[in-house]
Amino acid sequence: MAGETVKNFALQCPVELPSDQRIVMAHGAGGRLTQRLIERVFLPAFANAPLEERHDGALIQPNGARLAFTTDSYVVKPLIFPGGNIGDLAVNGTVNDLAMCGARPLYLSCGFILEEGLPMATLETVVASMRAAALTAGVQIVTGDTKVVDRGKGDGIYINTSGVGVVEGPFTSPARVEPGDAILLSGDIASHGVAILSVRDGLEFEAPIVSDTRELWSLVDALFRAGIDVHCLRDCTRGGVSSALNEVAQARSLMHQIEESAIPVHDAVKGACELLGLDPLYVANEGRFVAWIPAAQAAEALRVLPEGAASIGVVLDKTDPLVVMRSRIGGSRVVDMLSGEQLPRIC
Amino acid sequence: MKYLDEYRDAALVQSLSAAIRSAVTRPWTLMEVCGGQTHSILKSGLEAFLPPQVSLVHGPGCPVCVTPIELIDKAVALALRPEVIFTSFGDMLRVPGSAHSLFDAKCEGADVRIVYSPLDAVRLAQSNPDRQVIFFAVGFETTAPANAMAVFQASKLGLANFSVLVAHVLVPPAMAALLESPQSRVQGFLAPGHVCTVQGYEEYVPLAERYRVPIVVTGFEPVDILEGTLLCVRQLEEGRAEVENQYSRVVRREGNVAAQRMVREVFAVSPRTWRGIGEIPQSGLQLRDAYRGFDAEERFPLSIGAVREPEVCISGLVLQGIRKPQECPAFGTACTPERPLGAPMVSSEGACAAYYLYGRRNS
């Protein structure tokens, strides 16, 4: 037991800091360690203007064209889950990253890393889903690559997709977020993460919950067509709604205030989260986004978005990079960025 | 959602808040025993609904936090053995030992797996007959029945490759120890609802009588906690010291008798060391002789080095309700959820984690 006197603890920290010395799972969880990895390793190494925007994709302007370019890798266990499979994710995820830049998705590349022994039927199922998802999103998969790794060195299938889209209107970016902007959420949250958990090895539970995976460009396009001046868009994938909000609050140094009672969560998802000790704000989604738009256009935007979309908060005129939430009962708390992975609790 | 929304009702919260304000005439210090209650208080911003005279201090009811560092070190050493599949509730993985956590061991290649139920660990042992499956049996009275059942089942199945690392603790002896402490400021308790679901609340009656302290068995939602506070404050104001049950939708006086029987079958009461607090007599559970064969500490004789606790960490004082997390010089600086010095910063029931996650820069 420690005494109460303050000592020079910085010199005697007893715990090795594994998260600084080697890769841990949380480096890929989309929370604070992911941010730190980007800041310490990738940004200094690759420094350039489009990268430093730190958006879901980069805006590049070769020969006067206005293109958005993005890439994402997909690793999910199990490969096939309620409501979709890794193929749906690989197309929708990259399409959505482009959509979040305000870009109409056009072309995708596709790299497969397959594990020796993978049943051909599984690959065919995944590829059929990719075809269907590409058709729905109006994109073509125009180039690709295949590698096979030794049995035991992969989880069946890993997929990387890159995508190019064209920016027809204004580029949406955290830099355009203004005090007073309404914060809109495109639908109920957390069903993807909970659907995956419900079938994960050792955690199986019966729940009528399916993944929310879907393309988002059609929704973004609808907002543009309705004349909504969309300032910024973020899809709420790893790290959930909380990470999307915190990233923008930090990038813009503006306090965000949200209302717990306004955040839509399906009852079955809410129940599963309560049982497992998970906060829906941190659970991954694959077909939901947050939009920052002028408050005067919020009602019109909600008319355009599907049923279930909601206005969940507002950007305050306070230069504090913090997300605060008014709880259902009227209390207030900070919504921090996810630290490490969310773990099931004991009791 | 039923059983949820009605206990997070803003109007009900306001009326309970008003009732507490009108009941209170002088300062009172109450302790909510369970870390789940602490998190609920911080997460919903409940302290704003309490009058300044009522202060809540946070108790030791975080199983992850009070598990002795020796056992974390043993868990890490066991997990690193090549023949072992080490299974645990998720909460335990980030808890720092002297040098490493189970997460670190996983990074080193240890086969560490999260399970929801100890019975999943038994199934894992059945399906991996060539491996030794160890389950980290931690927790209060709440998890004891399921953990006991796992050992009971493994015994019935004659499983030679299943064992448990036991770190079970009991609430009433810890409350008595806190009340005996000269530093204690606690005048009333919100007792842990889920522990009482299993154990009932008969055993709290002698505590209330002996120490002249009100004990209100309390649930975990905002309305529960405010109602528990109201009942406790009323007792204090009226000079009563009784056991009351706020959480009556779940807790019965006698508790879950079948669960208690299973616990008694497998475990016997024993002394236990609490991390940050020290040894408390008769405050834990150990396997009975008939089940000693399932004790991982006996099956795998271990010699671990001397344990090291970071000197700056005041988690022991936090767990006893003597200090609040933000009074720690390391809070949010040298100690964060990514680089924890003490267990309360990483557990989902730890007070430091609650303050860091929900309260930081907001008070």
Side-chain angles (χ1 to χ4, degrees), chain A residues 1-10 12-26 31-33 36 201-205 260-261 265 267-268 270-271 274-277 279 320 322 324-336 339-347, chain B residues 1 4 8-10 13 36 42-46 48-49 63-64 89-94 96 98-100 103-104 107 113-116 120 138-140 142-143 194 222 276 278 308-314 316-317 329-330 334 336-341 348-349 356-362:
Chain A
M1 181 51 238
E4 290 207 43
T5 47
V6 184
K7 302 211 173 156
N8 185 358
F9 49 82
Q12 57 182 24
C13 176
V15 189
E16 237 186 272
L17 304 175
S19 60
D20 286 344
Q21 290 168 6
R22 62 182 73 197
I23 291 295
V24 298
M25 293 303 288
R32 196 178 286 125
L33 282 184
R36 204 150 73 198
D201 198 21
L203 296 182
E204 297 97 337
F205 53 91
E260 184 177 24
S261 56
V265 189
D267 266 359
K270 198 192 283 179
E274 289 288 338
L275 277 177
L276 301 174
D279 187 336
D320 195 351
L322 206 60
V324 294
M325 181 162 85
R326 275 196 351 133
S327 69
R328 204 169 285 276
I329 61 165
S332 173
R333 66 144 157 135
V334 171
V335 177
D336 201 8
S339 164
E341 296 173 277
Q342 275 208 112
L343 296 174
R345 65 172 169 217
I346 288 184
C347 59
Chain B
M1 183 168 213
L4 221 55
R8 296 177 186 175
D9 181 81
V13 163
L42 271 292
K43 194 170 177 180
S44 50
L46 261 193
F49 297 92
V64 169
F89 295 126
D91 269 21
M92 291 303 297
L93 265 62
R94 272 199 288 262
S98 293
H100 297 289
F103 248 138
D104 300 339
C107 278
R113 303 190 195 179
I114 294 173
V115 292
Y116 266 91
D120 291 340
V138 300
F140 285 92
T142 334
T143 54
H194 289 155
R308 284 186 301 166
E309 286 276 16
E311 288 186 31
V312 72
C313 175
I314 63 162
L317 300 173
T336 63
E338 293 96 52
R339 304 170 175 205
L341 294 181
S348 64
E349 293 180 88
Y356 188 88
L357 275 179
Y358 308 127
R360 207 160 33 110
R361 291 194 284 169
N362 201 31

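Letters A, B, ... mirror the listed sequences (proteins, then strands); counts begin at 1.
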Using non-hydrogen atoms and a 4.5 Å limit, figure out which bit of [X] sits close to chain A: side chain, backbone, both or neither.
{"X": "B:Pro222", "answer": "side chain"}
{"X": "B:Leu4", "answer": "side chain"}
{"X": "B:Phe140", "answer": "neither"}

(message) Return the NZ to OH distance between B:Lys43 and B:Tyr358, rounded to the nearest 0.5 Å.
(response)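 Interatomic distance, B:Lys43 NZ to B:Tyr358 OH, rounded to 0.5 Å: 4.5 Å.
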(request) Determine yes or no for a side-chain-to-main-chain donor-acceptor pair under 3.5 angstrom, with B:Thr143 supplying the side chain and B:Val138 the backbone. (result)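 Yes.
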(message) Test your reading of the model: is there a side-chain donor-acceptor pair from A:Arg333 to the backbone of B:Gly45, 3.5 Å cut-off?
(response)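 Looks like no, no N/O pair under 3.5 Å.
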(message) Once side-chain contact (heavy atoms from CB on, under 4.5 Å) is applied, do any residues pair with A:Ala268, and if so which ones, sequence neighbours excluded?
(response)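 In terms of side-chain contact (heavy atoms from CB on, under 4.5 Å), with neighbours along the sequence ignored, A:Ala268 is linked to A:Pro208, A:Ile209, A:His266.
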